[in-house]
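Worksheet: the structure to be examined is printed underneath.
When a residue number appears, it is its place in the shown sequence, counting from 1.
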Amino acid sequence: MVLLFLSAVDSAAEWRAELNKLLPGIELRVWPELGDVGEIDAALVWRPPPGLLDTLPNLRLIASLGAGVDHIFADPSLPPGVPVVRLVDPYMTVAMSEYVQLQVLRLHRQDPAYLAQQQARLWRQQPQPNAGQRRVGVLGLGVLGGDAALRLKVLGFDVAGWSRTEKRLRGIPSFHGAAGLDALLERAEILVCLLPLTPATEGILDRRLFARLPRGAAVVNCARGRHLVEADLLAALDSEQLSAAVLDVFRDEPLPRDHPFWRHQRIRVTPHVAAATHPPTAAPHVAENLRRLRDGKPLLNRVDASEGY
Ligand code: NDP
Ligand code: OXD
């Protein structure tokens, strides 16, 4: 089997070693060295250049190097009918939940305010409710959002969630669809975004949504930069409708050096690290789908192209 490999980071050698342990004899062709394109059976990719996958006449599988697939569906000439699968790796799920718990605890325990006070050498104790009095909303209750919501609940937060279709998570009020969004927002003092980026969710974190949150709410976006309307975030922070934001993902990555988010006192920037792909734990999941492709068995974690996730 021949696998085209294309990543934004220098991980080809590690992937080759991991996949060879699991599927001896597999050949990795590392983009841009394609060789005979007719030999390529599958592609394991992150943000493939538009049009590239359509040049592979015998491609039978497109696998995302991450949990998200927006970077694949961004290609308008994606070969029709070729299945797209995404990465679901429990190691990444734990990593994302660690990130969400860390940032929600920081916001809950007034870390942004204490950081500003430290810079001003100001000794002032902020009001501090218990976690049970802190209402957290999670947008997206899939693999990552569902796990993060449950772990926030274990920390004692008053958690609710929102998804496209109805969900039942123990102890977590769950709202769904456009009609359920208001009910989630009006109770979300800390809002965590873990939605996939699709035409339905692009720009969802905008001024209308911020206005529906309780005054002084904080936002954590660890999904995709294009969920956020950047100017609306800055305006909401200026007007104090929002008190703080934590951003792991951006419209332009790396975040340009002159971007106002870098210097903003109430924005915490991290460089898309909430849940990075980890080849040793991710490779078995990729290998399993390659085996299934070879053996003509149903693929795991296939995404619905019509929904875009
Ligand atoms: P899933 O597909 O498992 O879950 C997506 C969730 O979003 C589901 O609950 C789904 O609803 C909900 N959803 C989708 N569309 C809508 C909509 N229009 N309205 C309401 N809810 C909607 O994805 P994951 O949890 O695995 O990943 C989520 C995203 O996290 C990825 O797409 C990626 O962009 C991002 N990510 C970021 C990383 C980082 O390091 N910053 C790392 C990994 C992922 P339903 O359950 O009804 O289908
Ligand atoms: C992903 C990511 O989608 O790292 O996995 O953003």
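- Residues Phe250 and Ile204 are members of one and the same hydrophobic cluster, defined by side-chain heavy-atom contacts under 4.5 angstrom among Ile, Leu, Val, Met, Phe, Trp and Tyr.
- When all heavy atoms of Val100 and Cys222 are compared, the pair lying nearest together is CG2-SG, 4.0 Å.
- One hydrophobic cluster, built from ILVMFWY side chains closer than 4.5 Å, cannot hold both Leu87 and Phe73; they sit in different ones.
- Sorted by first and then second residue, the pairs that involve residues 52-68 and meet side-chain hydrogen bond (donor to acceptor under 3.5 Å, both in side chains), not counting sequence neighbours, are Asp41-Arg60, Ser64-His71.
- Rounded to the nearest 0.5 angstrom, Asn20 CG and Glu27 CD are separated by 10.0 Å.
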When the side chains of residues 239-249 are checked against the rest of the protein, which donor-acceptor pairs come out under 3.5 Å, sequence neighbours left out?
{"unit_1": "Ser239", "atom_1": "OG", "unit_2": "Ala235", "atom_2": "O", "d": "3.3"}
{"unit_1": "Ser239", "atom_1": "OG", "unit_2": "Ala236", "atom_2": "O", "d": "3.2"}
{"unit_1": "Ser239", "atom_1": "OG", "unit_2": "Gln241", "atom_2": "N", "d": "3.3"}
{"unit_1": "Gln241", "atom_1": "OE1", "unit_2": "Arg215", "atom_2": "NH1", "d": "3.4"}
{"unit_1": "Gln241", "atom_1": "NE2", "unit_2": "Phe210", "atom_2": "O", "d": "2.8"}
{"unit_1": "Gln241", "atom_1": "NE2", "unit_2": "Leu213", "atom_2": "O", "d": "2.9"}
{"unit_1": "Ser243", "atom_1": "OG", "unit_2": "Gly216", "atom_2": "O", "d": "2.7"}
{"unit_1": "Ser243", "atom_1": "OG", "unit_2": "Ala217", "atom_2": "O", "d": "3.4"}
{"unit_1": "Asp248", "atom_1": "OD1", "unit_2": "Thr270", "atom_2": "OG1", "d": "2.7"}
{"unit_1": "Asp248", "atom_1": "OD1", "unit_2": "His272", "atom_2": "N", "d": "3.1"}
{"unit_1": "Asp248", "atom_1": "OD1", "unit_2": "Val273", "atom_2": "N", "d": "2.8"}
{"unit_1": "Asp248", "atom_1": "OD2", "unit_2": "Val273", "atom_2": "N", "d": "3.2"}
{"unit_1": "Asp248", "atom_1": "OD2", "unit_2": "Ala274", "atom_2": "N", "d": "3.0"}

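- Linking Ile, Leu, Val, Met, Phe, Trp and Tyr whenever their side-chain heavy atoms come within less than 4.5 Å leaves Val219 and Leu107 in two separate clusters.
- Note on residues 64-93: pairs passing salt bridge (Lys or Arg N to Asp or Glu O under 4.0 Å), not counting sequence neighbours, are Asp70-Arg224.
- Closest approach of Asp158 to Arg187, counting heavy atoms only: OD1-NH2, 2.6 Å.
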Side-chain donor-acceptor pairs under 3.5 Å in residues 43-51, sequence neighbours left out?
none

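- Ser97 OG to Leu152 CG: the interatomic distance, rounded to the nearest 0.5 Å, is 7.5 Å.
- Just one residue in the list Val82, Val37, Ile62 forms a side chain to side chain contact (heavy atoms under 4.5 Å, CB included) with Leu56, and that residue is Val37.
- Around the OH atom of Tyr91, the shell of radius 6.0 Å holds no more than 12 heavy atoms that belong to other residues, nucleotides or ligands.
- In the hydrophobic clustering of ILVMFWY residues, with side-chain heavy atoms under 4.5 Å counting as a link, Leu4 and Val69 come out together.
- For Gln125, the CD atom sits in a loose shell: 12 or fewer heavy atoms of surrounding residues, nucleotides or ligands are nearer than 6.0 Å.
- Using a 4.5 Å cut-off between side-chain heavy atoms of Ile, Leu, Val, Met, Phe, Trp and Tyr, with links allowed through other members, Val88 and Tyr99 fall into the same hydrophobic cluster.
- Partners of Glu202 according to the salt bridge (charged side-chain N to carboxylate O under 4.0 Å, His left out) rule, which considers only residues two or more places apart in sequence or in another chain, are Arg226.
- Counting non-hydrogen atoms of neighbouring residues, nucleotides and ligands closer than 6.0 angstrom, the CD atom of Gln119 exceeds 12 such neighbours.
- The CZ atom of Arg168 sits 13.0 Å away from atom CZ of Arg170, with the distance rounded to the nearest 0.5 Å.
- The salt bridge (Lys or Arg N to Asp or Glu O under 4.0 Å) pairs that include a residue from residues 284-308 are Arg164-Glu307, Glu288-Arg291, Glu288-Arg292, where partners are two or more places apart or lie in different chains.
- The CE atom of Met1 sits 5.5 Å away from the CG atom of Leu290 when rounded to the nearest 0.5 Å.
- For the atom pair CG (Leu105) and CG (Asp111), the distance works out to 10.5 Å, reported to the nearest 0.5 Å.
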